[in-house]
Amino acid sequence: MLLRLVLWNLADSKTTIEELRRYLRDESVDAFEDVPGLRFKAWISDEVSERWGAVYLWESREDAEQELPSRARELIGKEPDIGEEPDIGEEFDVEATIEGRFAIEELSRRGLVFE
């Protein structure tokens, strides 16, 4: 398994967190629903520091290398700020995983975009 982190600073970009939320609602979440080998994706943001990004959990490195249905770079207007290779992001081997106890069984379609 492989974990990938991609993060942008939006202060010098051509978009805002609110515009990116609309993009998630209207397009991106649905587009990622059937990506082969993608076990989990969380889009993340911090309005105070104007940061936006995503965390991906992939079944394999090969799965992580496929072309993705994303227009984030186009909307933001630059490559991510995190990672030695900005077009990839930071990658980590996954040492172990666990699911804890939870009250809400369905994890898909949770977060500020859906409130």
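Hydrophobic clustering (side-chain heavy atoms under 4.5 Å, transitive across Ile, Leu, Val, Met, Phe, Trp, Tyr) groups V94 together with L107.
Using a 4.0 Å cut-off between a side-chain N of Lys or Arg and a carboxylate O of Asp or Glu, D30 and R25 do not qualify as a salt bridge. Comment: R109 engages E33 in a salt bridge, judged by a side-chain N to carboxylate O separation of less than 4.0 angstrom.
For the residue pair L20 and L10, the shortest heavy atom distance occurs at CD1-CD1, 3.8 Å. Pairing each heavy atom of G77 with each of K14, the nearest pair is CA-CE, 3.7 Å.
In summary, of the residues considered (T16, T15, D12, D81), a side chain to side chain contact (heavy atoms under 4.5 Å, CB included) with I76 occurs for T15 alone.
With contacts defined as side-chain heavy-atom distances shorter than 4.5 Å, the pair I82/V6 does not qualify. Contact annotation: the side chain of K78 approaches that of W8 to within less than 4.5 Å [non-hydrogen atoms, C-beta and beyond]. For the pair Y56/L38, a side-chain contact is recorded, criterion being any heavy-atom separation below 4.5 Å from C-beta on. At least one side-chain heavy atom of S45 sits less than 4.5 Å from a side-chain heavy atom of I17. Taking 4.5 Å as the limit, every side-chain heavy atom of S60 sits out of range of all side-chain heavy atoms of L2. Using a 4.5 Å heavy-atom threshold, the side chains of E90 and R4 count as separate.
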* Step-by-step side-chain contact (heavy atoms from CB on, under 4.5 Å) determination, M1 to D63 -> CA-CA 10 Å; M1 294 189 88; D63 290 323; over 6 Å; no
* CA sep, side-chain torsions, deciding dist, call: E47, R21, salt bridge (Lys or Arg N to Asp or Glu O under 4.0 Å) -> CA-CA 12 Å; E47 290 190 68; R21 283 183 183 147; 3.2 Å; yes
* For the pair Y23 and E74, evaluate side-chain contact (heavy atoms from CB on, under 4.5 Å) and give the outcome as yes or no after the intermediate values. => CA-CA 12 Å; Y23 162 66; E74 174 189 332; over 6 Å; no
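Crowding of E95 atom CD: a count of heavy atoms from other residues, nucleotides or ligands under 6.0 Å not exceeding 12. The number of heavy atoms from other shown groups lying within 6.0 Å of CZ (R39) does not exceed 12.
Side-chain atoms of Q66 come within 3.5 Å of backbone atoms of P36 as a donor-acceptor pair (strictly under, hydrogens ignored). In this structure, S70 contributes its side chain and A72 its backbone to a donor-acceptor pair below 3.5 Å.
A distance below 6.0 Å separates the ring centres of F32 and W43.
For E27, the salt bridge (charged side-chain N to carboxylate O under 4.0 Å, His left out) partners are R71, not counting sequence neighbours.
Atom OG of S108 sits about 9.0 Å away from atom CZ of F40, to the nearest 0.5 Å.
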